[in-house]
Amino acid sequence: MADITLVSDVFEVKELDPEGRKFDLVSRVGMHSEQHELDCMMDFNIDVFPVEHNCKLSIAWARTIDLSGKPSPDSFDKALCFGKVPSLMDQFEYVTYGRVYKVDNLQQQGKAVVYISYGGLLQKLVGEMNDLKEFEPDAMVYCLVKKVH
């Protein structure tokens, strides 16, 4: 999996809806990762994927879900979604697809901040520039999530 992912790590949920819940089926979740020391604030559709405080989530970001590394098509390929063709999605429980709309490189601090929108569900990822160097503005990315038990 490391070959086709931009970055992956295990995150612990530290906060749920820190500014209060804005929508019935969406929670904003604050997390911190174990290996790369990344901070992530991400909106989850909790009707599809409920998240609890202190739970651990394995999260990976990738430009493609094709296991060979072949770029994802520009249009929806239902064969990948319904198990007809094996894909990276088979290893996860919750998958979103969106656009990197902003990358801030904080040179003096050696940090980067990546902003991604998954059809209106937002994500902010903060970490060392070296760990987040593969994220580029306007790039389309998959965010793949599963609970760690």
(message) Is there a side chain to side chain contact (heavy atoms under 4.5 Å, CB included) between Leu125 and Val113? Walk through the geometry before answering.
(response) CA-CA 6 Å; Leu125 190 58; Val113 184; over 6 Å; no

Report the distance from atom [atom1] of [X] to atom [atom2] of [Y], rounding to the nearest 0.5 Å.
X	Y	atom1	atom2	answer
Asp39	Ser33	CG	OG	7.5 Å
Leu121	Leu25	CG	CG	10.5 Å
Leu38	Ser8	CG	OG	10.0 Å
Arg21	Glu19	CZ	CD	14.0 Å
Ile59	Phe11	CD1	CZ	5.0 Å
His149	Lys56	NE2	NZ	13.0 Å

(message) I'd like to know if Asp104 pairs up with Lys102 as an ion pair, taking the criterion as any Lys NZ or Arg NE/NH1/NH2 lying under 4.0 Å from an Asp or Glu carboxylate oxygen.
(response) yes

(message) Evaluate Ile4 against Leu88 for side chain to side chain contact (heavy atoms under 4.5 Å, CB included), listing each step before the verdict.
(response) CA-CA 9 Å; Ile4 61 174; Leu88 189 57; 3.9 Å; yes

Which heavy atom in [X] sits nearest to a heavy atom in [Y], and how many Å separate them?
X	Y	value
Asp90	Pro86	OD2-CA, 3.3 Å
Val145	Met42	CG2-CE, 4.5 Å
Ala112	Met129	N-CG, 3.8 Å
Arg99	Asp138	NH1-O, 2.9 Å
Val148	Ser58	CG2-N, 3.6 Å
Leu144	Ala62	CD1-CB, 4.2 Å

(request) Answer with yes or no whether the side chains of Asp66 and Ser68 bring together a donor and an acceptor at under 3.5 Å. (result) yes

(message) Is it true that His36 and Glu128 share a donor-acceptor pair across their side chains at a distance under 3.5 Å?
(response) no

(request) Please determine if Lys147 forms a cation-pi arrangement with Phe49, meaning its NZ or CZ atom is less than 6.0 Å from the six-membered ring centre and no more than 45° off the ring axis. (result) yes

Linking I/L/V/M/F/W/Y whenever any side-chain heavy atoms sit under 4.5 Å apart, do [X] and [Y] land together?
X	Y	result
Leu67	Phe92	yes
Leu122	Val100	no
Tyr101	Leu132	no
Met41	Ile46	no

(request) Output, in order, the C-alpha distance, side-chain angles, deciding distance and verdict of side chain to side chain contact (heavy atoms under 4.5 Å, CB included) for His32 and Glu12. (result) CA-CA 6 Å; His32 184 75; Glu12 183 175 351; 5.8 Å; no

(request) Would you please indicate yes or no on a ring centroid separation below 6.0 angstrom for Tyr118 and Tyr97? (result) no

(request) Evaluate the criterion side chain to side chain contact (heavy atoms under 4.5 Å, CB included) for residue pair Val10 and Leu57; output intermediate values, then yes/no. (result) CA-CA 6 Å; Val10 173; Leu57 304 173; over 6 Å; no

(request) Give the ring-plane orientation class for Phe44 versus Tyr94, where under 30° counts as parallel, over 60° as perpendicular and anything between as tilted. (result) tilted

Other residues, nucleotides and ligands only: do more than 12 of their heavy atoms fall within 6.0 Å of [atom1] on [X]?
X	atom1	result
Phe23	CZ	no
Asp24	CG	no
Lys124	NZ	no

(request) Taking the side chain as every heavy atom from C-beta outward, state whether Leu6 and Phe135 have any pair of such atoms under 4.5 Å apart. (result) yes

(message) Would Arg28 and Glu15 count as a salt bridge (charged side-chain N to carboxylate O under 4.0 Å, His left out) here? Give the steps.
(response) CA-CA 8 Å; Arg28 183 154 287 173; Glu15 55 187 348; over 6 Å; no

(request) Test Val141 against every option in Thr5, Thr64, Ile116 by the side chain to side chain contact (heavy atoms under 4.5 Å, CB included) rule and name the one that passes. (result) Ile116

